[in-house]
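Structure record follows, encoded as structure tokens.
Here is how names work: the chains are called A, B, and so on, in the same order as the sequence lines, proteins then strands, and each is numbered from 1.
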Amino acid sequence: MEPLYKPDGVEQRWQQTWENEGLYAAGAGRRRDESYVIAIPPPNVTGSLHMGHALNGSIQDVLVRWHRMMGYDTLWQPGFDHAGIATQNVVEKQLVAEGTSRQQIGRDAFVERTWEWLGQTGRTIMDQYRRLGASVDYSRERFTMDDPYIDAVMTFFTRLWDRGWIYRANRIVNWCPFHRTAVSDLEVVHEDMDDTLTFARYPFTDGSGSITIATVRQATILADVAVAVHPDDERYRHAIGKEVVVPVVGRTVPVIADPRVEPAFGSGALKITPGHDPLDFEIGRDHDLPQLAVIGLDGRMCDAAGPEFAGLDQREADDRVVAWLKEHDQLEKREHYRHAVGTCERCHSRIEPLVSLQWWCAMEELARPAIEALQERRVRFHPESQHRFAIKSLEEAPDWCISRQLWWGHQLPIWYCPDGHVTVQWPAPDACAECGSGALERDPDVLDTWFSSALWPFATLGWPAETAEVARYYPGDVNSTAREIIRLWENRMIFSGLFLLGEIPFSDVIIHSTVLAPDGRRMSKSLGTGIDPMEPIDDHGADATRYGLLKISSTQDVRFSYGAIEEGRKLANKLWNVARLIVTAAGPEASAAVRPRDLEERWILARLDAAREEVEGCWHRFEFSAATGVLYHLTFDDFCDWYAEAIKARLYDGDADAAATALAALERLLAVLHPVLPHVTEEIWLNLPAQRPRLIVSPWPEPDSSFAADLHALDRVQEAAQTFRRSSVQVELGSDDERRIFAAVVRPDRAKANGDAEAERARLLKEIARGEDMLANARFVDNAPPQVVEAEREKLARYQRELEALPL
RNA sequence: GGGCGGUUAGCUCAGUUGGUAGAGCGCCUGCUUUACACGCAGGAUGUCGGGGGUUCAAGUCCCUCACCGCCCACCA
């Protein structure tokens, strides 16, 4: 064993060994009946792992390794999401770069090309998980487009259909003109943009002047069917019921009253364009107004806009409309206006609200049991604030637009016959369910990618087939993910699990922190602030990276910190070296045995057990950062600086009992550290004398109360040592044991140099004065809890003794 | 506009039920004859964002203001 622990090579070796020996597989190390199941949030096949994946992987791996050591039948399910629009976006852009397009090569060729491309990316991602030391069952890799998974998706759809919860409706949707598909509200991101607000006058038909409206989308004037004002708006009361002439097109439309108009905005009068605005769509529907469309699916002006405009880019059309207004003296003014505009999450094209025929899933019946389950705490979100958010999101969830006009994804199990009958069936029907026609055509649309993600925890187990795995591993235990995905994924897994299997897929949802760049900005490729998690892993090791990420994790957003990772590296190195001390001194013939003879040996055994319990508490509460603190303190302060220093001399003397006990203590330390630092602990384990199973599947230390009484045995020695080192004041110790340990750990030659009796005297006098003040305060003594007063008295007495012991 | 969170040492952050502020890094001082200098021992540094309130006692509970961040959102 070298003095410097070098993770590179060691970690890769263990990662291969564990996987090859089947120790990552479901059920490895199983010694009890209960299962422990986590389904990894399947990364999109499009990319590589980012820092959030590394943190999330570390969190899940700690829980999984811990449960594996406790003997649970543990399954950590890996795989990928086909990520419909995200994947199509990447491949489509590749085609554009090659000077072609998906339309040119056609659907079949496009899908084939996508399959080819993701054969490479998937491999990369799984290798990155391996490099992190993630103990997922790599033999069970699943993909949301595997054939059995497709069965699950289609079954989900047909069951919803059978309940009558899926319907087709013409509604206004968010339309991405680049991808030429509808996207859900959740896939639209709002970005601040500079715009121009145009104020245009619409003349009344009776010649009594005009009414002014304000708009940022001048081209949509062509599709106006009304002007609306607020019913209580005194300025426009006279106008209600009159008619105005729409500029350019000359259409006569009514002025209506609707409370949804905001009088304070713009001119207070709103032009109504039901075909191209969600609010106008609703107002139009409630007032029985027609829907006109002037913008086509490609985002350009369509034929309905008239021959002058057809085919124009919207911006050009805007300019022409403005020119017309100016020419006819109907342009009142134009103002700079900065506002949030909806854009496509994937390609950032401006979203066009369009009326289109889409498939919807009614949410009310699906959400209700999920809301109840959350309210009854049958599933819990951590932290608690996210639990409330999850409930609120379900309560407010609008019907889910599940159809997408994409090519990459699960095609809807809907067929049409020439007579227009609709057959919904899976497996695919041979003939129309209504008329028996064999000439069926499948609906070209695919499902929203989250429709299939929602089934991840059980579709990966073979559902809808009644597999032994579903029976054994469903429901699972924990799901850990990022905050922004609660509505997209967590809630949908909850309601689909309840609907299809009658149970929620997990009992706890961990919402982990977002890892920001060191400067506090978001980590993103476009900003250049991203840090590849493989970088710290290569530089400092997977153990150090795992430790560092867990240390900085909390409930809020956290900044990435190399310092935290270096701390992890130091911990691994420290551990390596104390193991070197013990193993070398014990010799190859030694064996571990708990044979404590002296106080410090009983004390470290008690400390190890107490720390084990503290760490378990942290993990039960999902407080990963707190756990790293416990482990660091245990290793550096308790195990190395006190225990190892105290027994060092006896180890050199060849004391077999001390060596056996030290080996036993080291084994317990390694076990407690293993879930966070799996590689270095396994490597040390290998170097211990005697044959034993791999640490990864070795039992987690059992509670051991034998030495609990000695937990505080060293408190007095530690305090005496600190006093001595600081001031050269020798504090009287109570027993030979205490004096012996003091002598072994404290080296007088090093302490004296720092002694400054005068400074110490001043410090003690200050403390004593403060303590006397407090005890002289009647209100404090009368009202503080007795133990607080007593503690203050003891502190005061101790300071007095130390003061008296100071050399003059 | 709505919701949530943050503001504690030079930096990154902990602070459980109110009991008189901590860690790591950095900095200063002193230590290497057989675990580790990726180490050991010691030290300095805080009006706990501002203001008000409750309490014997507030970083912790309440109100308020300021700034920062995230999520959500149909003021065209």
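- Side-chain proximity of A:Q722 to B:C40, B:G42, B:C74: nearest is B:G42.
- Across every strand in view, B:G5 sits in a pair with B:C68 that passes the Watson-Crick or G-U test at under 3.5 angstrom.
- In this structure, A:Y337 has its ring center under 6.0 Å from that of A:F265.
- Put simply, CD on A:E384 is 13 Å from P on B:C4, counting in whole angstrom units.
- Ring planes of A:Y562 and A:F560: perpendicular class, angle over 60° (limits at 30 and 60°).
- Within the 4.0 Å cut-off from OP1 or OP2 of B:C71, not a single side-chain nitrogen or oxygen of A:R483 is found.
- Here B:G46 sits opposite no nucleotide as a Watson-Crick or G-U wobble pair (both hydrogen-bonding atom distances under 3.5 Å).
- Taking atom NZ of A:K574 as the reference point, atom C1' of B:C40 lies 7 Å away to the nearest angstrom.
- Considering only side-chain atoms of A:K392, the nucleotide from B:C38, B:G3, B:A76 that sits closest is B:G3.
- A 3.5 Å limit on both hydrogen-bonding distances identifies B:U12 as the Watson-Crick or G-U partner of B:A23.
- Nucleic acid contact class of A:D277 (heavy atoms, under 4.0 Å, all strands): none.
- Using a distance-only test at 3.5 Å, with no hydrogens or angles considered, no donor-acceptor pair links the side chain of A:T273 to the main chain of A:H276.
- In this entry the distance linking NE2 of A:H512 with P of B:C70 reads 16 Å, nearest Å.
- Whole-Å rounding puts the A:R569 CZ to B:C25 P distance at 11 Å.
- Heavy-atom minimum distance, A:I552 versus A:V558: O-CG1, 2.8 Å.
- The nearest whole Å value for the distance from the NE2 atom in A:H190 to the C1' atom in B:G1 is 13 Å.
- Per the geometry, CD belonging to A:E345 stands 14 Å off C1' belonging to B:C71, to the nearest Å.
- The CH2-C1' distance, from A:W576 to B:C38, rounds to 14 Å in whole Å.
- If you take CG of A:L516 and P of B:C71, they are 10 Å apart, rounded to a whole angstrom.
- Position along RNA chain B of the nearest nucleotide to A:R388 versus A:A340 favours A:R388 as the more 5'-ward residue.
- For B:U17, there is no paired base (Watson-Crick or G-U wobble, both distances below 3.5 Å).
- Nucleotide B:U32 is matched to nothing when pairs are restricted to Watson-Crick or G-U wobble geometry with both distances under 3.5 angstrom.
- Comparing A:V578 and A:S267, the nucleotide of RNA chain B nearest to each residue sits closer to the 5' end for A:V578.
- The aromatic rings of A:F742 and A:F724 stand perpendicular to each other, their planes meeting at an angle above 60°, with 30° marking the opposite boundary.
- Using a 4.0 Å heavy-atom criterion, one finds that A:Y547 contacts no nucleic acid atom at all.
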